[in-house]
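First comes the structure, then the notes that go with it.
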Amino acid sequence: MKKIKVTLVKSAIDRPERQKLTLKALGLNKLNSFKEVEATDQILGMIRKVDHLVKVEKLA
């Protein structure tokens, strides 16, 4: 599986509860925090739901 780096670049304040829970499930809780995760279908779907709040980078 490919790994990707997901970074929280916008705050979750004033966002729907569902988006906040998605960020929590991804392990992103503070601004500029990041996680390296496997690029599974489930993770990519979660990222699509909050793509306006995060930055995604592909790792080698």
Side-chain angles (χ1 to χ4, degrees):
M1 277 282 156
K2 292 184 179 180
K3 289 202 124 210
I4 54 176
K5 180 179 177 182
V6 184
T7 307
L8 183 62
V9 294
K10 286 191 178 178
S11 175
I13 295 174
D14 288 339
R15 300 294 175 183
E17 189 66 24
R18 190 166 184 162
Q19 290 179 8
K20 290 179 184 180
L21 292 174
T22 302
L23 291 173
K24 186 175 180 181
L26 285 170
L28 304 173
N29 50 5
K30 291 184 177 181
L31 211 55
N32 295 320
S33 64
F34 67 91
K35 285 285 182 176
E36 292 180 5
V37 294
E38 297 282 336
T40 63
D41 290 339
Q42 293 85 1
I43 296 293
L44 294 176
M46 292 166 66
I47 291 170
R48 246 181 258 120
K49 292 289 185 182
V50 293
D51 64 346
H52 55 288
L53 302 175
V54 298
K55 179 177 77 170
V56 180
E57 301 172 33
K58 294 181 182 178
L59 298 176

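Keep in mind that what you see is a predicted model, and the values were worked out from it rather than measured.
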Could you pull out the closest heavy-atom pair between [X] and [Y], with the gap in Å?
| X | Y | value |
| --- | --- | --- |
| Gly27 | Lys35 | O-CE, 3.5 Å |
| Ser11 | Leu31 | N-CD1, 3.7 Å |
| Lys55 | Val9 | CB-CG1, 3.9 Å |
| Gln19 | His52 | OE1-NE2, 3.4 Å |
| Met1 | Ala39 | SD-O, 3.8 Å |
| Thr7 | Phe34 | OG1-CB, 3.6 Å |

Residues in side-chain contact (heavy atoms from CB on, under 4.5 Å) contact with Lys24, at least two apart in sequence or another chain:
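So Lys24 forms no side-chain contact (heavy atoms from CB on, under 4.5 Å) with any residue.
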Which residues pass the side-chain contact (heavy atoms from CB on, under 4.5 Å) test with Lys10, sequence neighbours left out?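 Applying side-chain contact (heavy atoms from CB on, under 4.5 Å) to Lys10 gives Leu53.
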Hey, are the side chains of [X] and [Y] touching, using non-hydrogen atoms and a 4.5 Å cut-off?
| X | Y | value |
| --- | --- | --- |
| Glu36 | Leu59 | yes |
| Leu26 | Val50 | yes |
| Leu8 | Asn32 | no |
| Leu28 | Val6 | yes |
| Asn29 | Leu23 | no |

query = In terms of heavy-atom contacts, does NZ of Lys20 have more than 12 from other residues, nucleotides or ligands at under 6.0 Å?
reply =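 Counting other residues, nucleotides and ligands, NZ of Lys20 exceeds 12 neighbours.
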Rounding to 0.5 Å, atoms NZ (Lys49) and CZ (Arg18) come to a distance of 5.5 Å
Next on the checklist: Assess the residue pair Thr22 and Ile47 against the criterion (side chain to side chain contact (heavy atoms under 4.5 Å, CB included)); give the C-alpha distance rounded to whole Å, side-chain angles, the decisive distance to 0.1 Å, and a yes or no.
Outcome noted: CA-CA 8 Å; Thr22 302; Ile47 291 170; over 6 Å; no
Exercise. Only counting residues at least two apart or in another chain, list the ones meeting side chain to side chain donor-acceptor pair (under 3.5 Å) with Glu38.
Key: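 Partners of Glu38 under the side chain to side chain donor-acceptor pair (under 3.5 Å) test: none.
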